[in-house]
Every structure is written in C-alpha cells, then in structure tokens.
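Chain A is the first sequence line, chain B the second, and so forth, proteins listed ahead of strands; every chain is numbered from 1. Basis for what follows: all heavy atoms, side chains included, without hydrogens, waters or symmetry-related copies.
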Amino acid sequence: MKKRIKAHISSQLDAAEVPVTKPKDSSFGHFCTPVAFSLAKVYRKSPHAIAEELCEKLLHGELFDKVEHLSGYVNFTLSDRFLDEFATAALRDGDRFGEQSEGESILLEFVSANPTGPLHIGHARGAIFGDVLMRLGRHLGYQITSEYYINDAGNQVDLLARSLHFKGRAELLGEAVAFPPECYQGEYILELAKKAQAHFGEAIFQPEADLSALRDWAKDEMMAWINDTLKEAGIVFDRFVSERSLYDRWDDTRQALEKRGALYTDEAGKVWLASSQKGDGKDRVVVRESGEPTYLAGDIIYHGDKFARGFDRYINIWGADHHGYIPRVRAAIDFLGYDPERLEVLLSQMVALLKGGDPYKMSKRSGNFVTMEEVGQEVGYDALRFVFLTKRADTHLEFDIDLLSKEDSSNPIYYVNYAHARICSLFEKSEHAHSDMAEVHLSDLGHDAKELLFSAMLLPEVIDDAFHTRQVNLMTDYLYKLAGKVHRFYTENRVVGNEKEAQFLKILAVSALSIRLGLKLLGITAKERM
RNA sequence: GUCCCGGUAGCUCAGUCGGAUAGAGCGUAGGUUUCCUAAACCUAAGGCCACAGGUUCGAACCCUGUCCGGGACACCA
C-alpha cells in the first residue's frame, strides 16, 4: 500500500525518493511526508509555502480524499474507494496477502547447539527467531534453506562420552571413581548412561571400553532429543550438517587457503590463519601441534561449503557469546575468495527467566540451566513465541514465566487471540458470510472504522519491515496494536443488527485476516474460540 | 585493556529514514455490562529520554567523551 502511495507522490513531484511516514496523530490522515522541509533548502522557500504547492499538485487522482498541509507537513487521507478495493483484494488473497516474489536465495543457519545436552532457554530464543525470520522471508518470496550445524567433532562430544562413562561406572556399576569437574552434570547424563547400559551392556563402562562408539551413539541420542524439542516448538530444518563429515575435505580447504597466503606454520608446527590481515584482532590457530584441526578449521570448511553452494545471501544466528568469533570467520571467507559481506551474523542475546519475581529455578535435569522443553511445557509455545518475539533478538530479555500463565491483557497472546475469536464469533452470529464480503462496498465510514481498516491493511508493510530490518518485534507490536483497535471497535460499535453490519464485518474480516496471517507467520495458530 | 548489548514512567519495554505534543503494557487509583465473549473498554496520576559537549531548520535517535549494568575476549565448541 505504502509503495503505491510513494510511487504516486514521487511521480507527481518528480523526485526520486520521497519519505512517507505515518502521522503522529491519526486525525491528520493516513500518511504524511515532511519532504517540504528538505525542499525548503533547495528552493529557498519556506516549508509552509512548499507544502501548500504540493497539496495542489497531489490532490488529483482517486487515491486521496484529502491532501492538507499543516506546519510544513503534507498529510494524506486515503479515499474510501481506494480502501475498499484494497480490502477486497486482501480478502481475496487470504493467506497470500502481502506475498511477494523477491527471489533471492538465502541460507539460514541457526540453533546449531552442541549435541551434548538439552536445548536451553537461550537456544529457544535463537530457534524461534530463526524460524520466524524464515517464515517471513518465505512469505516475501525468498528461497530460504534452513540448516543446523552439528558440532559432533572435537572435545565437547568426547567429553559427553567421558561423562557418560564416569557416570556409568560410578552410579551404575558402583565403582568409587571421582567425577571430574569438567564433565557434564545433570540428571540427563545418568538417564543417558542407563540407556547406554541397555544398549551396549555393562561392557561399555569398563575402563578400557571404546569411547568412540559411546560418543557416536550418545551424539545421535542427543540430536534426537534436540530434534524432538524443536519439533514440538514447530521448528523444522531442511538440512543438518555434521562437522565430523566435513573433515575429509580439510586438505582441499587447506590448499585453497595456502594458495592465497592465508596460512603459516610456526616453529612448534602449529598452523595459523592470518586473520589479522582481514580485520580480526589476531591470528588464529587452525591446526594444533598434535596435527588435530581446531573448531575454526571445521567452520572454515563449512562456510566454504556454504558459499560454494552459491546462495545470494547467508544468515547465521548465533548466541551473543560468539560475537568475537565473527571477524575470524569473515576473514576465512575472504581468504577463500568469497565476499564476506554476503554473510550476515545476527546475535541472539541472553534470556533471564524469572518466576514470581525471583530467578527461575535451575533445572535438575540439565544441571545448571533451564531447558527449552520445560518452559515450552509450562507456558506453551504459542505464548513463548509471542513473548520472545516482542523484543529485538539482539538485546537482553528478562521475563517472568508467571506472566504467561495469566489469562488477561498482561499476557499478550491472549489479548491478540481474543480479538480474533471475537471477530469469528460475530461472523457466527451474523447472517452475512465471510464469502459475501467481496460484494460489500465501503462508503461513508466513520473515523474509527476507517482507522481500523487502514491498520488491518498495513500487514504487508510490517512483514516487509520486520524481515528486512531483522526486527521481528515489529510483527508482535503490530498485532498487539491491531488487536487493541479491534477490541475498542468492538466495545464502541454494536455490529450485529447495525445498519452498517455488512460493512463493519468486511472491515473486521480484514482485521481477522491480518491477525491470523500475522500469527501464522510467527508460528502461532490463531484461536477461533476462547 | 579491547569488543558486543543496554541505560526512556515505580517495573518490563516500544519509539521507523533525524520530524509534529516521547508511547504501550503491567502495577496503582477510580469508572463501564437490560446489548454481539468484561480474557474487553474508558479515565487519572506517573518523564532531566544516564551525563556533558558537538552536528542542524529540527536530536531519545547521528558524532565525540564520561559514568553505570550485562556479556564476550581459547590451541572449548
């Protein structure tokens, strides 16, 4: 909608880019532009005089009812006819309302949690953020592939195997072994050890047992668990990439890097990536003295692999604690001959959970953190999604789990769902059917009705903004405000039996569409009845 | 020390590309239902936008510096 307005104004003004925004006060109109202020300098006239001239130029055509100027601003009011046509089109589009065909291909990597323990609440945030970004992007026509990188090589998974081994010896075989402090704690280790015993027999806990078999088995078990959790949350990945599986390509990658002078070997025999040449704070080890590659080596192969697949853009969602890692990966991409600008790393910040004002209890099962599973079961993923998405992913989030158990306006998901359910109930009560709405034409709408309709039709702009700025909170803000307008309208206007019943229903139908579709893009199913 | 995120109402946070009188929810105090779902609505109180400079027609927003809080700075992943 805004694009059409903008194009219209630009063409009338013969200017390339005209800023179009929403007025502070809705009584001024639907859109406004402060362009007279910047033109004032060019033409050496007062903003007021320029705004006045613009008004006359712009009033032609069927788009606007009113074009007025006020203290330098030019305010536009859309015509009923334009709003009506747009509403009919929106209802016809249904779930495809606001779809576009951008066409760029994007590889979106997120979660990528180590398969050494259950997902915690911080992972949940990144997972939901990534999932929603994907849904929004796909709606806009981006071809998005989602990927989970499994860190199934290196010390962490070895440590998982050792943890199980110790736990098995100590708890299941009753040996007096001291549990090393670096090992994973938490009851899930014992549960998994029991499972291992059932699977392998007691031999797996013998001192000389083959830990690599235990490791591979345990890693698969953990991934299955992680996957179950994600599935429950409605998150599905297109691909999983195993770090371990990449290492047979290390030699090729190494040669490619060497050819570009990216690597050097020190006296001790360690191989370094000269990442400081490409903006990193210092060089990084990629092969240890032992000849074993570091984690970075795997990530270099992985990113080389990603870029070789030829996507237009790459997005990684990482926990904020990895932010220092960005320059070295960018450097490696650069060394491999790819454009590091195509990689965008979004950071998902920490989550602090409270319950009744106090820090949420640590989970016994996980050892020292709250799991995604527990919170998902306690508050439900619809509520969890909505709350996580109300804040930008890159800022700290603190929230109280008790808020999500309340069933009133302090719980935003209820508020939004209730607005949707109310509209559904009106359609049940009314003689008019949803399918009749295209035949209904809007005219002589009051300010409130017009305002609600206008808000409801802004969904495409919001989807666009939310995706391109990566600020998914714009969606939740919008839905919450739209729901508020629905509630207000409902309170102030008796719909069924009203002489404008059909018209009101059409407006509410568009509102319900935007709420339902908006929630759908957040991975939430709108309630039709509460 | 370096880097990242933040500091806006009692609390949790919005604030678009710099634009009109800085907004919402919770909480607090009051009010609204013979009527489509009161899980709602309305009203009120509540602000040195951390601080100091700068940029300009205009700054919560951009720049510089300072203070405070959280996090990261591995041959772990």
Side-chain angles (χ1 to χ4, degrees), chain A residues 17 19-25 28 32-35 37-38 40-41 46-47 70-73 75 112-114 116 149 151-159 182 243 268 270-272 281-282 284-290 292-299 319-327 347 349-350 352 354 357 387 390-392 394-400 403 406-412 414-415 417-419 421-430 461-462 465 469 471 473-474 476-477 480-481 483-484 486-498 501 527 529-530:
Chain A
E17 186 64 22
V20 174
T21 58
K22 258 191 93 177
K24 264 278 182 310
D25 187 328
F28 292 152
C32 70
T33 177
V35 72
F37 291 99
S38 45
K41 236 180 280 178
S46 77
L70 184 65
S71 56
Y73 284 82
N75 299 318
S112 297
N114 289 347
T116 54
Y149 180 58
N151 303 133
D152 54 0
N155 286 340
Q156 303 292 333
V157 279
D158 287 341
L159 192 59
E182 72 273 18
E243 179 187 1
K270 288 184 280 195
V271 181
W272 295 73
K282 57 179 184 176
R284 310 287 171 174
V285 173
V286 287
V287 181
R288 301 182 181 91
E289 235 171 303
S290 62
E292 227 184 324
T294 62
Y295 175 76
L296 179 59
D299 234 351
D321 53 345
H322 285 66
H323 86 265
Y325 202 78
I326 299 169
L347 299 176
Q349 283 283 355
M350 315 276 127
L354 301 174
V387 170
T390 54
K391 279 199 70 175
R392 301 171 48 124
D394 60 357
T395 65
H396 300 267
L397 169 68
E398 178 176 289
F399 83 98
D400 198 314
L403 284 184
K406 287 201 211 162
E407 301 194 345
D408 58 29
S409 56
S410 63
N411 188 345
Y414 277 92
Y415 187 78
N417 265 324
Y418 185 38
R422 275 182 146 177
I423 297 172
C424 292
S425 144
L426 287 179
F427 269 96
E428 274 175 29
K429 293 248 161 38
S430 170
E461 271 80 27
V462 179
D465 269 8
T469 61
Q471 288 178 36
N473 58 303
L474 296 177
T476 48
D477 285 353
Y480 194 85
K481 281 182 186 146
V486 169
H487 285 308
R488 217 158 300 132
F489 188 81
Y490 184 96
T491 305
E492 285 165 13
N493 301 277
R494 165 105 198 160
V495 175
V496 176
N498 193 298
E501 178 175 339
K527 292 212 171 10
R529 196 183 292 271
M530 293 180 72

**Asked** Which nucleotide in the set B:C42, B:G15, B:A40 lies at the smallest distance from any side-chain heavy atom of A:Tyr415?
**Response** B:A40
**Message:** If I take atom CD in residue A:Gln471 and atom P in nucleotide B:C5, what distance separates them, rounded to the nearest angstrom?
**Reply:** 13 Å
**Partner residues of A:Tyr325 under the ring-ring contact (aromatic ring centres under 6.0 Å, His included) criterion, sequence neighbours left out** = A:Tyr295, A:Trp318
**Message:** Would you say that A:Tyr480 contacts A:Thr390 through its side chain, given a criterion of any heavy-atom pair below 4.5 Å between the two side chains?
**Reply:** no
**Item:** Integer angstrom distance from the P of B:C49 to that of B:A20
**Value:** 16 Å
**Item:** Residue mapping more 5' on RNA chain B - nearest nucleotide basis, A:Gln156 or A:Val495
**Value:** A:Val495
**Fill in**
Judged by nearest nucleotide, the residue sitting upstream toward the 5' end of RNA chain B, A:Asp477 or A:Pro293, is A:Asp477
**Asked** Which residues satisfy the side chain to side chain contact (heavy atoms under 4.5 Å, CB included) test with A:Thr116, sequence neighbours excluded?
**Response** A:Asn114, A:Gln156, A:Val157, A:Leu160, A:Tyr184
**Asked** Using a cut-off of 4.0 Å on non-hydrogen atoms, how would the nucleic acid contact of A:Ala352 be classed: base, sugar-phosphate, or nothing?
**Response** nothing
**Asked** B:U32 and B:A38: how far apart are their C1' atoms, nearest whole angstrom?
**Response** 9 Å
**Message:** Once you apply a heavy-atom cut-off of 4.0 Å, does A:Asn493 come out as touching a base, just sugar-phosphate, or nothing?
**Reply:** base
**Message:** Measuring from the side chain of A:Tyr414 (C-beta onward, heavy atoms only), which nucleotide among B:A38, B:A39, B:A77 has the closest atom?
**Reply:** B:A39
**Message:** In this structure, how many angstroms lie between the C1' atom of B:A24 and the NZ atom of A:Lys481, rounded?
**Reply:** 7 Å
**Prompt:** Rounding to a whole Å, what distance do you find between A:Tyr418:OH and B:C36:C1'?
**Reply:** 10 Å
**Asked** Which pair of heavy atoms, one from A:Met530 and one from A:Ala421, lies closest together, and at what distance?
**Response** CG-CB, 3.9 Å
N/O to N/O distances under 3.5 Å, protein versus nucleotides 1-4 of chain B:
{"from": "B:C3", "atom 1": "O2", "to": "A:His323", "atom 2": "NE2", "distance (Å)": "3.2"}
{"from": "B:C4", "atom 1": "O4'", "to": "A:His323", "atom 2": "NE2", "distance (Å)": "3.3"}

**Message:** Without decimals, in angstroms, what is the distance between A:Phe489 CZ and B:U37 C1'?
**Reply:** 17 Å
**Item:** Rounded interatomic separation in angstrom, taking CG from A:Asn417 and C1' from B:A40
**Value:** 14 Å
**Request:** May I ask you to verify if any side-chain N or O of A:Lys429 is less than 4.0 angstrom from the OP1 or OP2 atom of B:U37?
**Result:** yes
**Asked** Does A:Tyr325 put a side-chain nitrogen or oxygen below 4.0 Å from OP1 or OP2 of B:G71?
**Response** no
**Prompt:** Between A:Glu501 and A:Ser430, what is the shortest heavy-atom contact and its length?
**Reply:** OE2-OG, 2.6 Å
**Prompt:** Quick one: side chain to side chain contact (heavy atoms under 4.5 Å, CB included) partners of A:Val271, sequence neighbours excluded?
**Reply:** A:Arg254, A:Leu263, A:Thr265, A:Val286, A:Val287
**Euclidean distance for C1', B:C61 against B:U55 (whole angstrom)** = 13 Å
**Request:** List for me each residue that meets side chain to side chain donor-acceptor pair (under 3.5 Å) alongside A:Thr294, sequence neighbours excluded, and say none if there are none.
**Result:** none
Strictly under 3.5 Å: I want the nitrogen or oxygen pairs between protein and nucleotides 6-13 of chain B, one per line.
{"from": "B:C13", "atom 1": "OP1", "to": "A:Lys391", "atom 2": "NZ", "distance (Å)": "3.4"}
{"from": "B:C13", "atom 1": "OP1", "to": "A:Glu398", "atom 2": "N", "distance (Å)": "3.4"}
{"from": "B:C13", "atom 1": "O5'", "to": "A:Lys391", "atom 2": "NZ", "distance (Å)": "3.4"}

**Request:** List the atom of A:Glu428, the atom of A:Arg529, and the distance in Å for their closest heavy-atom pair.
**Result:** OE2-NH2, 3.1 Å
**Item:** Nucleotide nearest A:His487 (side chain, heavy atoms from C-beta), chosen from B:C41, B:A14, B:A39
**Value:** B:C41
**Item:** Separation of B:A39 C1' from A:Arg422 CZ (nearest whole Å)
**Value:** 8 Å
**Item:** Pairing residues for A:His487 by the ring-ring contact (aromatic ring centres under 6.0 Å, His included) criterion, not counting sequence neighbours
**Value:** A:Tyr415, A:Tyr418
**Request:** Starting at the 5' end of RNA chain B, write a dot or bracket for each base, bracketing those in Watson-Crick or G-U wobble pairs whose two distances are under 3.5 Å and using | for partners on another strand.
**Result:** (((((((..((((.....[...)))).(((((.......))))).....(((((..]....))))))))))))....
**Complete:** Separation of B:A72 atom P from A:Arg284 atom CZ, nearest Å, is 16 Å
**Asked** What interatomic distance, in whole Å, is found between C1' of B:C73 and the corresponding atom of B:G53?
**Response** 31 Å
**Asked** How would you list, by chain and number, every residue that makes a side chain to side chain contact (heavy atoms under 4.5 Å, CB included) with A:Pro327, sequence neighbours excluded?
**Response** A:Asp280
**Request:** With P as the reference atom in both, quote the distance from B:C63 to B:G6 in angstrom, rounded to an integer.
**Result:** 12 Å
**Message:** Measuring only the P atom in each nucleotide, how far is B:C62 from B:U43? A whole number of Å is fine.
**Reply:** 33 Å
**Message:** Say we look at B:A45 and B:G30: how far apart would their C1' atoms be, to the nearest angstrom?
**Reply:** 11 Å
**Asked** Among B:A40, B:A77, B:C36, which is the nearest nucleotide to the side chain of A:Leu426?
**Response** B:C36
**Message:** The criterion is salt bridge (charged side-chain N to carboxylate O under 4.0 Å, His left out); which residues satisfy it with A:Asp321, sequence neighbours excluded?
**Reply:** none
**Item:** All side chain to side chain contact (heavy atoms under 4.5 Å, CB included) counterparts of A:Asp477, not counting sequence neighbours
**Value:** A:Asn473
**Prompt:** Is the distance from OP1 or OP2 of B:U37 to the nearest side-chain N or O of A:Arg529 less than 4.0 Å?
**Reply:** no
**Message:** Just the rounded figure in Å: distance from P of B:A38 to CD of A:Glu492.
**Reply:** 14 Å
**Message:** Regarding A:Glu243, tell me which of base, sugar-phosphate or nothing describes its non-hydrogen contacts under 4.0 Å with the strands shown.
**Reply:** sugar-phosphate
**Request:** Considering only atom P, compute the distance from B:G19 to B:A59 and round it to an integer number of Å.
**Result:** 11 Å
**Asked** Which pair of heavy atoms, one from A:Glu243 and one from A:Asp152, lies closest together, and at what distance?
**Response** N-OD1, 3.1 Å
**Message:** Just to verify, what does A:Thr476 make a side chain to side chain donor-acceptor pair (under 3.5 Å) with, not counting sequence neighbours?
**Reply:** none
